[in-house]
Amino acid sequence: MPVSEKQYQERVYEIVRKIPEGKVMTYGQIAEILGQGYTPRTVGYVMNASNTDDVPWQRVINAKGGCSTAKITMIVDLQQNLLEDEGIEFNESGYCDLDVYRWYPEGYEEEDDEQPTLFGS
DNA sequence: CTCGTGACGGGGG
DNA sequence: TCCCCCGCCACGA
């Protein structure tokens with residue numbers, strides 16, 4: 001029994017669940033924190049599988065500060081609506097100010113020096 | 001196994 | 001601000 005995919009998703013959810021109301025995080029930001037094989041793409045894939053789970057999925061947006069969600073435009077409307085309900089303001093283009101609403105998990109904001117010493121051979 | 005696609009991101013025009 | 005292209009990784013046909 002290999003490392004279940006569930007664990008892979010759990011690490012993403014674990015972070016998303018910590019996002020307080022009125023705050024947001026980007027896919028890339030989450031991928032950055034998890035590192036090790038996580039990329040914005042994979043994080044987005046995980047969130048897609050989640051959706052109606054017990055995680056505040058609406059607080060995860062793209063780096064532009066908007067709700068991507070491509071085709072399913074109806075979801076974009078829902079997501080932005082939920083966030084506006086939490087006090088987040090979106091401009092006419094559908095973007096919010098990440099410099100204001102972006103949230104940083106405790107213990108992860110400071111990641112300046114991370115030079116691996118055991119880099120093999 | 002290869003190919004196309006996607007709740008992404010960054011760079012360039 | 002918007003549009004396009006490329007890199008990224010996982011998945012389904």
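Order of the sequence lines sets the chain letters (A, B, ...), proteins ahead of strands, with each chain counted from 1. Nothing here was measured: the structure is a model prediction, and the numbers come from that model. The analysis underlying the following values was restricted to heavy atoms, covering all of them including side chains, and did not include hydrogens, waters or symmetry mates.
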**Request:** Identify whether any heavy atom of Tyr38(A) sits under 4.0 Å from a base atom; if not, whether one sits that close to sugar-phosphate; answer base, sugar-phosphate or nothing.
**Result:** nothing

**Message:** Any non-hydrogen side-chain atom of Val16(A) less than 4.5 Å from a side-chain atom of Met47(A)?
**Reply:** yes

**Request:** To the nearest Å, give me how far apart CG (Asn48(A)) and C1' (dA7(B)) are.
**Result:** 6 Å

**Message:** Applying side-chain hydrogen bond (donor to acceptor under 3.5 Å, both in side chains), can you list everything that pairs with Glu21(A), at least two apart in sequence or on another chain?
**Reply:** none

**Message:** Could you tell me how far apart Leu98(A) (CG) and dT1(C) (C1') are, to the nearest whole angstrom?
**Reply:** 15 Å

**Prompt:** Between dA10(C) atom P and Gln36(A) atom CD, what is the distance in whole Å?
**Reply:** 13 Å

**Message:** So, using side chain to side chain contact (heavy atoms under 4.5 Å, CB included) as the criterion, who are the partners of Asn91(A) when residues are at least two apart?
**Reply:** Ser93(A), Tyr95(A)

**Fill in**
Tyr13(A) atom OH is separated from dA7(B) atom P, nearest whole Å, by 15 Å

**Asked** Which residues pass the side-chain hydrogen bond (donor to acceptor under 3.5 Å, both in side chains) test with Arg102(A), sequence neighbours left out?
**Response** none

**Item:** Length of the CZ-P vector between Phe90(A) and dT1(C), whole Å
**Value:** 13 Å

**Fill in**
Sequence neighbours excluded, the answer for salt bridge (charged side-chain N to carboxylate O under 4.0 Å, His left out) partners of Glu84(A) is none

**Message:** Checking one residue: Tyr101(A). Which other hydrophobic residues are in its cluster under the side-chain 4.5 Å linking rule?
**Reply:** Val24(A), Ile61(A), Leu83(A), Ile88(A), Phe90(A), Leu98(A), Val100(A)

**Asked** What is the distance, rounded to the nearest whole Å, between atom CD of Glu32(A) and atom C1' of dC8(C)?
**Response** 13 Å

**Request:** Nearest whole angstrom, please: distance from the C1' of dA10(C) to the CD of Gln9(A).
**Result:** 12 Å

Interface polar pairs with nucleotides 9-13 of chain B, N/O, under 3.5 angstrom:
| residue | atom | partner | partner atom | Å |
| --- | --- | --- | --- | --- |
| dG9(B) | OP1 | Gly28(A) | N | 3.1 |
| dG9(B) | OP1 | Ala63(A) | N | 3.2 |
| dG9(B) | OP2 | Ala63(A) | N | 2.6 |

**Complete:** Rounded to whole Å, OH of Tyr45(A) lies from P of dA10(C) at a distance of 11 Å

